[in-house]
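Protein chains get the first letters and strands the later ones, always in sequence-line order, with residue 1 at the start of each.
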Protein chains: 2
Amino acid sequence: MIDIDPVDLKILKLLKKDGMMTNRQIAVELNLTTTPIHERIKRLRRDGFIEKYTIELNRKKLNKNLIVFCNVSLKEHAQQFLTQFEKDVQTVPEVVECYCVSGGSDFLLKVIVSDMEEYKDFILNKLAAISNIGSAQSHFVITEAKHSSIIGE
Amino acid sequence: MIDIDPVDLKILKLLKKDGMMTNRQIAVELNLTTTPIHERIKRLRRDGFIEKYTIELNRKKLNKNLIVFCNVSLKEHAQQFLTQFEKDVQTVPEVVECYCVSGGSDFLLKVIVSDMEEYKDFILNKLAAISNIGSAQSHFVITEAKHSSIIGE
DNA sequence: GTTTAAAAAGAATAATATTCTATGATTGAT
DNA sequence: ATCAATCATAGAATATTATTCTTTTTAAAC
C-alpha cells in the first residue's frame, strides 16, 4: 500500500468539497494540466482511496428532521446474538448508522425520522420487533453543531 | 416548498449510489430520455434537495482506523458557554461530528483518529485545551455494522 | 555526463452535458 | 365539449469535458 502525496491530498479535499469539479478546474487550482489530474484521480479510485462519488441530500427538504442516537443493550451476548442484531438492523431504514461500541451499551444507533411520531413508531414497531433487545436509551439531537470530513473541513 | 415525485426519488437514490452516473445511464434505468433527467436534476439542485456532489473516502487507506464517540458535559450551561463550545470544536479536525443532545450529557462527539495513541493526544491536548469541559466519556467503536442513507440503502 | 524512470504537457478524439425547439398530454375555464 | 395554457418529454445541434496517445521535461542513479 503506497502512500499519497500532498497533491493527491489536495485533489481529495477539492473533490470532497465539490465532486463535480472538472479536471480543468482542479488543474487550474493546483497549477497543473488536466492530464496529471486525470491520471491521479484514476489511481486514487483504482487504489480505493476514493470509494465512490455520491451526493449529499438535504434532510429537512426530504422531511427527515429528527436525529436520535439510541443506545441499545442486548439480553444475551453470545456471538450469534450480536451478529443477529447487526443483521436485523440492516432491514430497518430508519437506522442510518449502527456501531458496536465499548462502554455502557452494546450498540449505538443513529436514527433519522421525520418527527417524534415517526420515532415512536420506530421504537414501538421496528426496534421492539427485533429479538433479544435488553434496553434502549434515546438521546435526541437538539443541534447538529458540526459535520465535516476526515480530511480537514 | 413543492414535493418531489417518485421519479425524482429514484434519481436521488441512483445518484446517492453513484454520483457519476450520466444522464443517459439514469434515463435508461428509468425508461426516459436524457432531457427530463437533466431538467429534474437541475431542479433538485436548484431547490436544494441535492446539497452537493462529493466523494466518499476510505478511512483505513487514509490511516483513520479508530472511531470514538465521546460524551461531553460542560461545567457551566449558560447559552454563551454552549455556543462557545460549539465554536471551539470546529477548530479540532479530529472531531468529525458534534451534536448537542438530550439525556446524560450535553454533547456527543464523533471523533476519528488513526489509533489509540492519536486518541490519547486528542483527549490530552485538544479536548482538554477547550475551556469549561466538565466530563468526557469515551465509547470506542468495535464494529461499524451499518452505514446507509436517509433514502433507502 | 549519460541513462533510466516518472511526471507532466500537448494535441487529437470520443463521450457527455447542455440548450433550443417541437410535440404530446393534462388541466382548468368557458 | 372545446379551447387555451401549462407541463413533461422528445429530438437535434452545439459546447464542454473526459480520455487516450505521444512527446517533453524533470529527477535520480550510476
Side-chain donor-acceptor contact under 3.5 Å, A:Ser114 with A:Tyr119: no

Rounding to a whole Å, what distance do you find between B:Met21:CE and C:dA15:P? 18 Å

Rounded to whole Å, CD1 of A:Ile41 lies from C1' of D:dT17 at a distance of 12 Å

Integer-rounded Å distance: C:dT16 P and B:Ile26 CD1: 12 Å

Taking only side-chain N and O atoms of B:Arg40, does any of them lie within less than 4.0 angstrom of OP1 or OP2 on D:dT9? yes

Does D:dT20 have its OP1 or OP2 closer than 4.0 Å to a side-chain nitrogen or oxygen of A:Lys42? yes

Would you check, one step at a time, whether the test side-chain hydrogen bond (donor to acceptor under 3.5 Å, both in side chains) holds for A:Gln137 with A:Asn71? CA-CA 5 Å; A:Gln137 193 175 3; A:Asn71 281 104; over 6 Å; no

Pick the nucleotide of DNA chain D nearest each of B:Met20 and B:Val7; which residue has the one closer to the 5' end? B:Val7

B:Glu86 and A:Lys146 ion-paired at < 4.0 Å: no

Is a side-chain donor or acceptor of B:Lys16 paired with a backbone partner of A:Thr54 at a separation under 3.5 angstrom? no

Quick note, B:Thr22 side chain, CB onward, closest among C:dA17, D:dA18, D:dT20 is C:dA17

Ignoring the backbone of B:Pro36, work out which of D:dT20, D:dT17, D:dT9 is nearest its side chain. D:dT9

Indicate, with a heavy-atom threshold strictly under 4.0 Å, whether A:Thr35 touches base, sugar-phosphate, or nothing. base

Taking only the side-chain heavy atoms of B:His38 (C-beta and beyond), determine which of D:dA10, D:dT19, C:dT18 contains the nearest atom. C:dT18

Checking D:dA10, C:dA9, C:dA17 against the side chain of A:Leu32 (C-beta onward), the nearest is C:dA9

